[in-house]
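Residues: numbered from 1 along the sequence shown. Computed from a predicted structure; not experimentally measured.
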Amino acid sequence: MVYNGIDMAAHPFHAEKEDFLIFVGRISPEKRPEVAIEVAREAKLPLVMVIKRSEPAERAYFDAFVAPLLGDDVTVLDQPPDEVKVDLLGRARALVFPIDWPEPFGLVMTEAMACGTPVITRPVGAASEIVSNGVTGFLCSTQRQMVDAVAAVSALRPEDCRARVAQRFSAHAMVVGYAGIYRAALAGDCPLSLRAPLAQSL
(Lines give C-alpha, C1' and ligand atoms only; values in the text may rest on other atoms or scores of the structure.)
Protein backbone atom coordinates (compact mmCIF):
# COMPACT_ATOMS: atom_id res chain seq x y z
CA MET A 1 0.00 0.00 0.00
CA VAL A 2 1.37 3.40 -1.02
CA TYR A 3 -0.35 6.26 0.78
CA ASN A 4 -0.78 9.85 -0.34
CA GLY A 5 2.27 11.85 0.67
CA ILE A 6 2.52 15.42 1.97
CA ASP A 7 5.36 17.92 1.99
CA MET A 8 6.78 17.81 5.51
CA ALA A 9 8.52 21.18 5.07
CA ALA A 10 5.16 22.83 4.38
CA HIS A 11 3.81 21.59 7.72
CA PRO A 12 6.07 22.94 10.50
CA PHE A 13 6.29 21.00 13.73
CA HIS A 14 4.79 22.56 16.87
CA ALA A 15 5.75 20.89 20.14
CA GLU A 16 3.79 23.35 22.28
CA LYS A 17 0.00 23.35 21.98
CA GLU A 18 -2.64 25.93 22.83
CA ASP A 19 -5.99 25.37 24.48
CA PHE A 20 -8.27 25.17 21.46
CA LEU A 21 -9.47 22.45 19.12
CA ILE A 22 -9.73 22.60 15.35
CA PHE A 23 -12.09 21.17 12.75
CA VAL A 24 -11.10 21.25 9.08
CA GLY A 25 -13.41 20.16 6.29
CA ARG A 26 -16.27 20.84 3.97
CA ILE A 27 -19.67 21.29 5.50
CA SER A 28 -21.59 18.08 4.89
CA PRO A 29 -23.33 15.25 6.76
CA GLU A 30 -20.31 13.01 6.04
CA LYS A 31 -17.97 15.32 7.96
CA ARG A 32 -20.37 16.03 10.87
CA PRO A 33 -19.11 19.53 11.72
CA GLU A 34 -21.91 19.96 14.26
CA VAL A 35 -20.49 17.04 16.23
CA ALA A 36 -17.13 18.81 16.39
CA ILE A 37 -18.86 21.80 18.00
CA GLU A 38 -20.65 19.60 20.53
CA VAL A 39 -17.44 17.73 21.41
CA ALA A 40 -15.46 20.94 21.93
CA ARG A 41 -18.23 22.47 24.00
CA GLU A 42 -18.55 19.42 26.23
CA ALA A 43 -14.77 19.40 26.63
CA LYS A 44 -14.91 23.11 27.54
CA LEU A 45 -12.44 24.20 24.87
CA PRO A 46 -12.95 26.75 22.08
CA LEU A 47 -13.16 25.45 18.54
CA VAL A 48 -11.75 26.91 15.33
CA MET A 49 -13.57 25.68 12.22
CA VAL A 50 -11.72 25.91 8.89
CA ILE A 51 -14.48 25.14 6.45
CA LYS A 52 -15.66 25.00 2.88
CA ARG A 53 -19.31 25.92 2.27
CA SER A 54 -19.30 27.25 -1.29
CA GLU A 55 -21.77 24.73 -2.75
CA PRO A 56 -25.55 25.14 -2.25
CA ALA A 57 -25.80 21.85 -0.34
CA GLU A 58 -22.93 22.90 1.92
CA ARG A 59 -24.53 26.26 2.69
CA ALA A 60 -27.86 24.59 3.37
CA TYR A 61 -26.29 22.11 5.79
CA PHE A 62 -24.43 24.90 7.55
CA ASP A 63 -27.59 26.94 8.00
CA ALA A 64 -29.61 23.97 9.25
CA PHE A 65 -27.15 22.15 11.51
CA VAL A 66 -24.10 24.32 12.24
CA ALA A 67 -25.33 27.90 12.54
CA PRO A 68 -27.79 27.12 15.38
CA LEU A 69 -24.89 25.82 17.50
CA LEU A 70 -22.52 28.75 17.02
CA GLY A 71 -21.46 30.85 19.98
CA ASP A 72 -18.56 32.88 21.29
CA ASP A 73 -16.57 29.68 21.73
CA VAL A 74 -16.61 28.86 17.99
CA THR A 75 -14.61 30.70 15.32
CA VAL A 76 -15.53 30.00 11.68
CA LEU A 77 -13.01 30.64 8.90
CA ASP A 78 -14.18 30.19 5.31
CA GLN A 79 -11.34 28.72 3.22
CA PRO A 80 -8.52 30.87 4.63
CA PRO A 81 -5.05 30.86 3.02
CA ASP A 82 -3.25 27.55 3.44
CA GLU A 83 -0.61 29.06 5.70
CA VAL A 84 -3.34 30.16 8.11
CA LYS A 85 -4.82 26.67 8.16
CA VAL A 86 -1.43 25.03 8.73
CA ASP A 87 -0.55 27.46 11.52
CA LEU A 88 -3.81 26.70 13.31
CA LEU A 89 -3.33 22.96 12.82
CA GLY A 90 0.06 23.21 14.46
CA ARG A 91 -1.06 25.22 17.47
CA ALA A 92 -4.28 23.32 18.21
CA ARG A 93 -4.60 20.86 21.08
CA ALA A 94 -6.14 18.33 18.65
CA LEU A 95 -7.94 17.98 15.35
CA VAL A 96 -11.54 16.86 15.87
CA PHE A 97 -12.51 14.91 12.76
CA PRO A 98 -15.86 13.20 13.46
CA ILE A 99 -16.38 11.65 10.04
CA ASP A 100 -19.53 9.62 9.46
CA TRP A 101 -18.58 7.81 6.25
CA PRO A 102 -15.73 5.58 4.99
CA GLU A 103 -13.29 8.42 4.26
CA PRO A 104 -10.98 7.17 1.44
CA PHE A 105 -7.95 8.88 2.98
CA GLY A 106 -8.43 12.16 4.84
CA LEU A 107 -5.40 14.30 4.00
CA VAL A 108 -6.08 16.76 6.82
CA MET A 109 -5.39 14.02 9.36
CA THR A 110 -1.85 13.58 8.05
CA GLU A 111 -1.39 17.35 7.83
CA ALA A 112 -2.33 17.75 11.49
CA MET A 113 -0.10 14.89 12.60
CA ALA A 114 2.82 16.29 10.57
CA CYS A 115 2.47 19.46 12.63
CA GLY A 116 2.59 17.35 15.79
CA THR A 117 -1.14 17.58 16.45
CA PRO A 118 -3.07 14.43 17.40
CA VAL A 119 -6.33 13.47 15.72
CA ILE A 120 -9.63 12.54 17.34
CA THR A 121 -11.75 10.68 14.81
CA ARG A 122 -13.96 7.64 14.20
CA PRO A 123 -12.66 4.18 13.22
CA VAL A 124 -14.13 4.26 9.72
CA GLY A 125 -12.57 4.36 6.27
CA ALA A 126 -8.85 5.07 6.19
CA ALA A 127 -8.82 6.64 9.65
CA SER A 128 -7.86 3.34 11.26
CA GLU A 129 -4.81 3.14 8.99
CA ILE A 130 -3.77 6.77 9.46
CA VAL A 131 -4.22 7.24 13.20
CA SER A 132 -2.33 5.01 15.62
CA ASN A 133 -4.84 4.73 18.45
CA GLY A 134 -3.39 5.97 21.72
CA VAL A 135 -0.20 7.17 20.04
CA THR A 136 -1.07 9.79 17.41
CA GLY A 137 -4.68 10.29 18.42
CA PHE A 138 -7.78 8.35 19.29
CA LEU A 139 -10.30 6.30 17.31
CA CYS A 140 -13.64 6.87 19.01
CA SER A 141 -16.89 5.07 18.33
CA THR A 142 -19.08 7.50 20.29
CA GLN A 143 -19.28 11.21 20.92
CA ARG A 144 -18.69 10.60 24.62
CA GLN A 145 -15.42 8.86 23.79
CA MET A 146 -14.39 11.86 21.69
CA VAL A 147 -15.00 14.19 24.62
CA ASP A 148 -12.92 11.94 26.88
CA ALA A 149 -10.20 11.82 24.22
CA VAL A 150 -9.83 15.61 24.34
CA ALA A 151 -8.59 15.32 27.91
CA ALA A 152 -6.37 12.36 27.02
CA VAL A 153 -4.49 13.96 24.10
CA SER A 154 -2.30 15.94 26.46
CA ALA A 155 -0.54 12.68 27.31
CA LEU A 156 0.40 12.02 23.66
CA ARG A 157 3.75 13.07 22.23
CA PRO A 158 3.69 15.53 19.29
CA GLU A 159 6.97 13.96 18.15
CA ASP A 160 5.23 10.60 17.65
CA CYS A 161 2.61 12.24 15.44
CA ARG A 162 5.21 13.77 13.16
CA ALA A 163 7.34 10.63 13.08
CA ARG A 164 4.39 8.54 11.89
CA VAL A 165 3.74 10.90 9.00
CA ALA A 166 7.42 11.05 8.05
CA GLN A 167 7.56 7.27 7.97
CA ARG A 168 4.28 6.49 6.19
CA PHE A 169 2.58 9.59 4.76
CA SER A 170 5.33 11.95 3.61
CA ALA A 171 6.16 12.78 0.01
CA HIS A 172 9.44 10.89 0.47
CA ALA A 173 7.65 7.79 1.75
CA MET A 174 5.27 7.94 -1.21
CA VAL A 175 8.12 8.18 -3.74
CA VAL A 176 9.97 5.29 -2.10
CA GLY A 177 6.79 3.21 -2.13
CA TYR A 178 6.04 3.79 -5.80
CA ALA A 179 9.64 3.24 -6.79
CA GLY A 180 9.52 -0.14 -5.07
CA ILE A 181 6.35 -1.10 -6.94
CA TYR A 182 7.79 -0.02 -10.29
CA ARG A 183 11.01 -1.98 -9.68
CA ALA A 184 8.98 -5.05 -8.75
CA ALA A 185 6.82 -4.66 -11.86
CA LEU A 186 9.85 -4.36 -14.14
CA ALA A 187 11.37 -7.42 -12.49
CA GLY A 188 8.13 -9.37 -12.97
CA ASP A 189 7.58 -9.74 -9.22
CA CYS A 190 4.24 -7.90 -9.00
CA PRO A 191 0.94 -9.78 -8.65
CA LEU A 192 -0.78 -10.28 -12.00
CA SER A 193 -3.54 -7.87 -10.98
CA LEU A 194 -1.00 -5.01 -10.89
CA ARG A 195 1.02 -5.72 -14.00
CA ALA A 196 -1.34 -4.49 -16.71
CA PRO A 197 -2.14 -1.07 -15.20
CA LEU A 198 1.52 -0.48 -14.39
CA ALA A 199 2.59 -1.47 -17.86
CA GLN A 200 0.13 1.02 -19.32
CA SER A 201 1.27 3.83 -17.04
CA LEU A 202 4.95 3.19 -17.84
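Note: the hydrophobic cluster containing Trp101 also contains Val108 (ILVMFWY, side chain heavy atoms under 4.5 Å, direct or indirect links). If you chain together hydrophobic residues whose side chains sit under 4.5 Å apart, Val35 and Val147 fall into the same group. Residues Leu70 and Val39 fall within the same hydrophobic cluster, defined by Ile, Leu, Val, Met, Phe, Trp and Tyr side chains chained together at heavy-atom separations under 4.5 Å.
The CZ atom of Arg91 lies 12.5 Å from the CZ atom of Arg93; values are rounded to the nearest 0.5 Å. Between the CG atom of Asp78 and the CD1 atom of Ile27 there is a distance of 8.0 Å, given to the nearest 0.5 Å. The distance from atom NE2 of His11 to atom CD1 of Ile6, rounded to the nearest 0.5 Å, is 4.5 Å.
In summary, of the residues considered (Arg162, Gln167, Arg168), a side chain to side chain contact (heavy atoms under 4.5 Å, CB included) with Arg164 occurs for Arg168 alone.
Heavy atoms only, all atoms of each residue included: Val50 and Pro80 are closest at CG1-CD, 3.6 Å. Across every non-hydrogen atom of Met113 and Ile130, the tightest pair is CE-O, 3.5 Å. When all heavy atoms of Pro118 and Gly137 are compared, the closest pair comes out as CB-CA, 4.0 Å. The two residues Cys115 and Lys17 make their nearest non-hydrogen contact at O-NZ, 3.3 Å. When every heavy atom of Leu139 is checked against every heavy atom of Pro123, the shortest pair comes out as CB-CB, 4.1 Å. Scanning all heavy atoms of the two residues, the minimum distance from Leu45 to Val150 falls at CD1-CG1, 3.7 Å.
Applying the salt bridge (charged side-chain N to carboxylate O under 4.0 Å, His left out) test to residues at least two apart or on different chains, the pairs with a partner in residues 101-127 are Lys31-Glu103, Lys85-Glu111. Sequence neighbours left out, the pairs with a member in residues 19-67 that pass ring pair (Phe, Tyr, Trp, His ring centres under 6.0 Å) are Tyr61-Phe65.
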Practice problem: Begin from the C-alpha positions of Asp63 and Arg59 and carry the test salt bridge (charged side-chain N to carboxylate O under 4.0 Å, His left out) through to its verdict. | Solution: CA-CA 6 Å; Asp63 292 342; Arg59 291 195 295 271; over 6 Å; no
Self-check item: Criterion salt bridge (charged side-chain N to carboxylate O under 4.0 Å, His left out) on Arg144 and Glu42, from CA distance to verdict
Solution: CA-CA 9 Å; Arg144 179 70 252 169; Glu42 287 188 56; 3.5 Å; yes
Exercise. Dump the intermediate steps for side-chain contact (heavy atoms from CB on, under 4.5 Å) on Thr121 and Val131, then the final yes or no.
Key: CA-CA 8 Å; Thr121 188; Val131 176; 4.1 Å; yes
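In terms of modelled atom types and a separation under 3.5 Å, the side chain of Arg41 and the main chain of Leu69 share a donor-acceptor contact. Listed for the Thr142 side chain is a donor-acceptor partner under 3.5 Å among the backbone atoms of Gln145.
Counting heavy atoms from C-beta outward, Pro46 and Leu21 have side chains that stay 4.5 Å or more apart. Taking the side chain as every heavy atom from C-beta outward, Val119 and Thr136 never approach each other to under 4.5 Å. Within the 4.5 Å cutoff, the side chain of Met49 has no heavy atoms near those of the Val24 side chain. A heavy-atom distance below 4.5 Å is not found between the side chains of Phe97 and Ile120.
Between Glu58 and Arg26, none of the side-chain N atoms (NZ, or NE/NH1/NH2) sits under 4.0 Å from a carboxylate O, so this pair counts as no salt bridge. Salt bridge status for Arg32 with Glu34: present, with a side-chain N to carboxylate O gap under 4.0 Å.
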